[in-house]
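Residue numbers begin at 1 in each chain, while the letters A, B, ... track the order of the sequences.
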2 protein chains.
Amino acid sequence: MPPTLKDVAERAGVSRAAVSRTFTDGASVSLKMRRKVEKAATELGYSPNALASSLTTGRTKLIGLVSNNFHNPIFLEVFDLFTRGLQDRGLRPLLVNLSDETDPAHSIRMLRQYSVDGVVVASSTLPPGFAKAFRDAGVPVVNSFGRYASSPEVHVVGIDNVECGRMAARELVRRGYHNVAFLGGPETATSTQDRLRGFLEETGLSPDISVRYTFADAYSFNAGRAEMLRRLDDTPAEAYFCGDDVLSIGALSAITGSGLSVPGDIGLIGLNDMEMAGWENINLTTIRQPISQIIDSSIELIVSMLANPDRYPEARLFPCRVIERGTLKPVV
Amino acid sequence: MPPTLKDVAERAGVSRAAVSRTFTDGASVSLKMRRKVEKAATELGYSPNALASSLTTGRTKLIGLVSNNFHNPIFLEVFDLFTRGLQDRGLRPLLVNLSDETDPAHSIRMLRQYSVDGVVVASSTLPPGFAKAFRDAGVPVVNSFGRYASSPEVHVVGIDNVECGRMAARELVRRGYHNVAFLGGPETATSTQDRLRGFLEETGLSPDISVRYTFADAYSFNAGRAEMLRRLDDTPAEAYFCGDDVLSIGALSAITGSGLSVPGDIGLIGLNDMEMAGWENINLTTIRQPISQIIDSSIELIVSMLANPDRYPEARLFPCRVIERGTLKPVV
DNA sequence: AGATATTTTGCAACCGGTTGCAAAACTGAA
DNA sequence: TTCAGTTTTGCAACCGGTTGCAAAATATCT
């Protein structure tokens with residue numbers, strides 16, 4: 001139904017190649033020719049079929065954006081930044097929701113069928129081999145928010161979760177808490193594992209600190225709330241490092257809902273610094289993860305892989321810092 | 001790089017057509033042939049190129065999912081439901097972020113270049129002609145969360161915003177508020193306009209009710225908070241119907257941040273019933289919009305348009321209802 | 001003006017599939 | 001076995017573009 005190259009060529013009285021050339025930049029066309037073709041094209045309302053051209057050029061400008069975190073508000077920020085960043089570079093995000101998908105092979109096949117130029121896996125809760133499977137299939141991939149590895153198998157852009165665990169521990173110790181705990185995300189998530197490791201490592205340095213840890217089922221409000229309610233049944237710790245902000249907010253809700261106060265009775269520190277953490281009625285002390293840099297860097301990396309697909313896998317880590325708000329007692 | 005039809009055909013020692021047929025269902029292939037081809041295909045790791053086939057079939061199974069609401073947490077739920085619903089039907093969402101885009105023509109051109117089979121415009125804050133522009137361009141389109149019109153120009157799936165305005169007004173009156181106000185979203189959004197209209201209409205029926213209204217700049221926490229802070233400088237109303245939940249939460253934050261209490265000093269009712277509204281530390285009384293039905297219905301509609309693109313435009317409206325929580329004073 | 005260098009253009013093959021059509025291979029019945 | 005009817009297969013053209021190559025056109029220089 002929409003006009004094709006041929007239609008334009010006929011109307012302008014030139015060859016199809018000529019029309020093609022006026023629409024691919026860097027091609028050799030005289031001014032006269034360009035004028036003629038453009039006239040015919042606008043008269044017909046022609047615009048080239050990106051998919052057809054992808055057949056010969058081998059480039060679709062499609063980027064798979066795959067994630068399984070559709071219940072964590074921070075991912076709205078993530079999608080916003082990714083989609084805009086990709087669009088700004090003329091790339092199109094093909095969104096893949098892995099929430100109820102177990103088999104990576106399925107998504108890989110699908111993304112290959114659509115000849116995506118690259119894939120961004122934005123998740124820390126997918127199985128570790130997931131991103132690698134794309135690489136093995138020859139698809140350029142970067143794993144945003146993934147696990148740092150000294151000899152990475154795929155490009156990873158994110159933060160040093162172990163260091164974040166240490167940072168949280170230091171902050172709690174500094175404020176004079178002695179009985180602390182980690183309320184993590186899902187135990188299988190690499191981010192949870194790493195944050196726990198750092199937390200234990202650092203608290204282990206002070207002999208007078210007692211530490212516990214448990215895991216929530218997901219990085220979600222309800223999971224955080226449910227897990228904190230279970231902790232409250234028992235003797236809770238003085239302060240919790242929660243796996244991320246949304247878990248913290250769930251925990252916060254459980255605590256205040258039980259008639260206790262934060263930070264009066266229990267202290268909380270989160271991770272991410274999502275927009276909501278700064279809302280006055282939440283006002284969460286948290287560790288800020290620079291998601292905008294992470295995403296910019298991820299996009300830059302995937303773009304560079306379009307030119308050079310075999311670029312050697314690299315890990316890019318961005319520093320985090322504590323954002324002090326109102327959920328920890330003041331430093332003594 | 002990935003194997004093609006031709007590779008499979010050669011290895012299996014059959015024609016390319018035969019291979020094509022084994023991968024398109026409904027085509028005539030003998031069992032023997034199918035076996036041979038499938039063997040060669042799996043050995044080579046072949047899977048058909050969806051884009052190449054789209055050239056001849058005219059179907060890409062790509063659906064443009066366009067929105068400009070990337071700061072309203074409810075849209076994470078929206079994206080989750082849309083992406084899963086589309087995936088379940090073998091369709092792929094091509095996400096378009098219109099946040100800083102003014103010219104619909106640009107997105108339309110882009111989506112046509114990618115030959116999307118259809119477009120879902122998920123927004124109530126885009127200019128009214130936006131969705132129609134797709135239709136005019138011959139692209140099947142449904143406008144989810146759009147404005148109801150008695151003779152619609154495009155398919156619209158959503159709620160009756162005017163009725164929601166009335167519903168909010170009735171609820172406030174029923175609870176004995178006399179001095180009420182509407183704190184709307186952006187004035188240009190059709191949803192804002194319609195909710196206001198219903199609200200004024202219904203409050204106008206009771207002569208002893210005084211009404212005011214103002215608008216926030218966006219459907220976002222910060223906009224709601226800022227606008228409510230301005231109201232608090234003056235003499236605030238007894239209760240506010242806020243344009244949506246995220247505005248309500250912003251307003252709530254402004255109120256409690258100013259040392260006033262909800263619902264003690266000021267009552268609030270929102271709209272949407274996003275997940276967060278039910279969080280214990282927010283506990284917002286609100287009007288529930290059935291987004292899951294809206295999205296299911298939108299997808300069903302776009303799917304039916306794939307078969308019959310000229311289906312006569314239709315408006316589908318789903319009923320809303322008040323969800324009572326803790327931000328309005330109890331009925332007297 | 002003529003000769004040469006450079007740019008512009010069209011031809012035709014190709015990208016990875018699909019599909020109408022007719023030939024080939026089967027099937028069942030006589 | 002033969003023959004008509006049905007199913008399966010391959011040929012070749014096509015979908016909407018791109019691109020190497022050589023011919024045509026234009027520019028540059030004596």
Practice task
Report which part of the nucleic acid A:S20 touches: base, sugar-phosphate, or nothing (heavy-atom distance under 4.0 Å, all strands).
Solution key: base

Exercise for the section: Examine the side chains of A:S123 and A:N68 and answer whether a donor and an acceptor come within less than 3.5 Å of each other. Expected result: yes

Exercise for the section: Indicate, with a heavy-atom threshold strictly under 4.0 Å, whether A:V19 touches base, sugar-phosphate, or nothing. Expected result: nothing

Handout entry: Charged N-O contact under 4.0 Å between B:R11 and B:D7
Key = no

Problem - Distance-only polar pair, side chains of B:S47 and A:R109, donor-acceptor under 3.5 Å - result: no

Practice task
Report which part of the nucleic acid B:S54 touches: base, sugar-phosphate, or nothing (heavy-atom distance under 4.0 Å, all strands).
Solution key: nothing

Exercise for the section: Pick base, sugar-phosphate or nothing for A:S30, based on heavy-atom distances below 4.0 Å to the nucleic acid. Expected result: sugar-phosphate

Problem - Position toward the 5' end of DNA chain C (nearest nucleotide), A:A17 or B:R21 - result: A:A17

Exercise for the section: Give one of base, sugar-phosphate or nothing for B:S53, where a contact means two heavy atoms less than 4.0 Å apart. Expected result: sugar-phosphate

Exercise for the section: Starting from the 5' end of DNA chain C, give me the residue, B:K32 or B:S47, whose nearest nucleotide shows up first. Expected result: B:S47

Completion exercise
Between B:A18 and B:L55, the residue closer to the 5' end of DNA chain D by nearest nucleotide is B:A18

Exercise for the section: Flag the pair B:F23 / B:Y46 as yes when their ring centroid distance falls below 6.0 Å, and as no otherwise. Expected result: yes

Practice task
Check A:Y114 against B:K61 and note the closest heavy-atom contact, atom names and distance.
Solution key: OH-CB, 3.3 Å

Problem - Polar contact flag, side-chain donor to acceptor under 3.5 angstrom, A:S124-A:Y219 - result: no

Handout entry: Heavy-atom contact window of chain A on DNA chain C, given 5' to 3' at under 4.0 Å
Key = C:dT8 to C:dG16

Exercise for the section: For B:R311 and B:L301, indicate whether the former's side chain and the latter's backbone hold a donor-acceptor pair under 3.5 Å. Expected result: no

Fill in the blank from the handout: Per the 3.5 Å Watson-Crick/G-U criterion and a run length of at least three, the stems involving DNA chain D are C:1-30 with D:1-30

Handout entry: Distance-only donor-acceptor check, side chains A:S67 and A:N69, under 3.5 Å
Key = no

Exercise for the section: May I ask you to check whether A:F79 and A:F70 place their ring centers less than 6.0 Å from one another? Expected result: yes

